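Working notes, beginning with the structure itself.
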Amino acid sequence: MNEFLNKLTSIVGSPYIQTTGDLDRYEEDWRKRTKGKALAVLSPGATDEVSLIVKACLQEGVSIVPQGGNTSMVVGSIPDASGTQILLSMQRMNKVRALDAGNLTMTVESGCVLQQVQQSAENAGYLFPLSLGSQGSCTIGGNLSTNAGGTQVVRYGNARELCLGLEVVSANGDIWNGLSGLRKDNTGYDLKNLYIGSEGTLGIITAATLKLFPLPAAKLTAWASVQNIEQAVKLLGLAHKMLGPALSGFEMMGQFALGLVDKHFPNLNVPLWRESPYCILLEASDSESELHARVQFEGLMQKALEAEIITDAVIAESLAQAKTLWLIRENITMAQAAQGLNIKHDISLPVSQIASFVLHTDALIAKKIDGVRIVNFGHLGDGNLHYNVQAPQGVDSKIFLKEYEHDINTIVYDSVVKYGGSISAEHGVGSLKVDTLKDYKDPTALSLMRSIKKALDPNNIMNPGRVINSL
Ligand code: FAD
Ligand code: MLT
Ligand code: ZN
């Protein structure tokens with residue numbers, strides 16, 4: 001083993017291999033549910049180093065867990081407890097390689113933090129629209145490997161839709177240069193889309209060519225209260241009709257979720273939450289002007305009030321106010337973390353089915369556990385809910401999870417299937433949902449996935465046990 005570690009040291013250089021010291025930030029998952037132990041943490045600085053590492057690991061029969069910002073919500077990016085896996089941190093590979101203004105593309109290394117990518121695009125006068133609450137620490141490689149969603153999907157799509165090409169180190173150490181800026185290329189199987197969303201189980205993304213967009217002339221943000229999800233869905237329909245492609249964000253937040261933000265971030269002054277079961281955060285990105293955006297947005301709010309779809313609304317008057325409204329939404333995750341673990345779900349449904357799903361599932365859960373609280377919020381514009389289940393008042397969250405996680409998951413996921421949804425919308429499968437997936441994914445699809453894994457990673461060295469665990 002020493003010889004193997006010496007070989008890895010000669011590839012990355014001794015400052016970039018760690019076997020001792022405080023490795024918690026690499027070995028513990030973001031939600032602090034699980035802690036693993038790596039044989040070594042490697043931080044390569046270039047694609048050819050990644051290639052040599054994979055070849056060395058393949059020869060030694062050692063598996064590799066790729067990691068970006070380690071913000072995975074599904075325990076996908078930490079090593080297992082065996083102390084035999086290599087944790088491959090991509091954070092040193094953080095260069096912007098090129099920006100092609102004529103083609104509206106930008107090529108970046110996979111360890112670039114998402115916020116750095118957004119900022120580099122903006123500095124050049126363009127928009128890279130992917131936006132997540134974790135954007136200050138997650139990496140573009142992690143975003144592509146999980147096909148992340150976030151808060152701008154309603155207009156710009158998931159990470160997959162924002163990527164035109166990839167550079168990948170395959171599971172046998174070969175480098176595939178697929179850094180194409182092409183918007184059309186029908187030359188066979190779509191390898192890019194195979195690696196996107198594969199959660200590090202097929203290869204390592206080392207760079208990506210991303211789509212850029214013109215910066216909007218104006219952005220407006222509003223906050224509205226509604227009496228129920230049916231009304232929220234009506235508001236979404238109206239927003240699509242009246243704003244057209246300008247609608248760039250549509251988030252829904254339940255009263256209990258906002259109550260947690262109010263409790264843990266009292267200085268944010270959450271508006272309208274005490275008197276309404278749900279609040280909606282809407283954003284319009286206008287390509288004409290601030291005035292045009294405001295006229296359209298005020299027209300929408302007026303109509304929604306007149307039709308009694310919403311009960312009240314606030315339109316942000318300044319960038320600072322808009323930022324605070326977004327901060328309230330984004331801080332739901334931090335407020336939950338401060339409150340203690342809950343049973344987390346990241347589900348998608350046809351938008352038309354969401355109200356019935358919530359009514360049905362709320363009732364089943366309330367019947368099972370008295371006093372349970374539902375932290376319901378999410379990207380309603382994309383049909384994506386974070387339907388989380390919090391212990392009753394006074395019940396220890398760890399004990400609650402131990403006792404009820406399996407049963408609650410069964411209730412929620414059975415209900416998801418009943419209403420035509422998916423058990424993972426944007427966070428992925430990781431190790432948290434790998435056993436559940438077997439019960440809810442179409443068996444033929446699972447079998448095809450296994451064939452792909454076997455073909456591309458026959459020695460099962462790439463993030464084994466994640467996404468699919470029985471080969
Ligand atoms: P990691 O957590 O390090 O890894 C995630 C997975 O990708 C792992 O399986 C890992 O092995 C693999 N991986 C990482 N880098 C590579 C690479 N270069 N090549 C191959 N495989 C790789 N997610 C959303 O979709 N929408 C949200 O709105 C959202 N909001 C969040 C808010 C907060 C506060 C937090 C903590 C998380 C949020 N997430 C959200 C989840 C998370 O941020 C995303 O899944 C993100 O895309 C992960 O990026 P990362 O760089 O942290 O990846
Ligand atoms: C969000 O939408 O805030 C994220 O997906 C994170 C979460 O589910 O907590
Ligand atoms: Zn989300």
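Note that the coordinates shown come from a computational prediction; the quantities given were computed from them, not determined experimentally. We count ligands from 1, going down the list as the structure has it; atoms in each ligand are counted the same way. For reference, positions follow the sequence shown, starting with 1.
- Scanning for salt bridge (Lys or Arg N to Asp or Glu O under 4.0 Å) contacts around K192 gives an empty result, with sequence neighbours left out.
- Near H427, meaning under 4.0 Å from any of its heavy atoms, are these atoms of ligand 1: 23 (N), 24 (C), 40 (C).
- As for H379, its N/O/S atom nearest the Zn ion (ligand 3) is the one called NE2.
- Shortest contact from atom 6 (C) of ligand 2 to any protein heavy atom: T333 OG1, 3.4 Å.
- Nearest-heavy-atom check against atom 2 (O) of ligand 2 across Q336, R329, M334 picks out R329.
- Among all non-hydrogen protein atoms, the one lying nearest atom 5 (O) of ligand 2 is H427 NE2, 2.7 Å.
- For atom 7 (O) of ligand 1, the choice among A159, S110, S424, S145 with the nearest heavy atom turns out to be S145.
- Atom 10 (C) of ligand 1 has P66 O, 3.1 Å as its closest protein atom, hydrogens excluded (heavy atom only).
- Taking the six-membered ring where the residue is Trp, Y413 and H345 present perpendicular rings, their angle passing 60° and hence far from 30°.
- The nearest non-hydrogen atom to atom 33 (C) of ligand 1, considering only G203, S134, S137, S72, comes from S134.
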Could you tabulate the donor-acceptor pairs under 3.5 Å formed by side-chain atoms of residues 264-273, not counting sequence neighbours?
{"unit_1": "H264", "atom_1": "NE2", "unit_2": "Q339", "atom_2": "OE1", "d": "2.7"}

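- The name of the N, O or S atom in E426 nearest to the Zn ion (ligand 3) is OE2.
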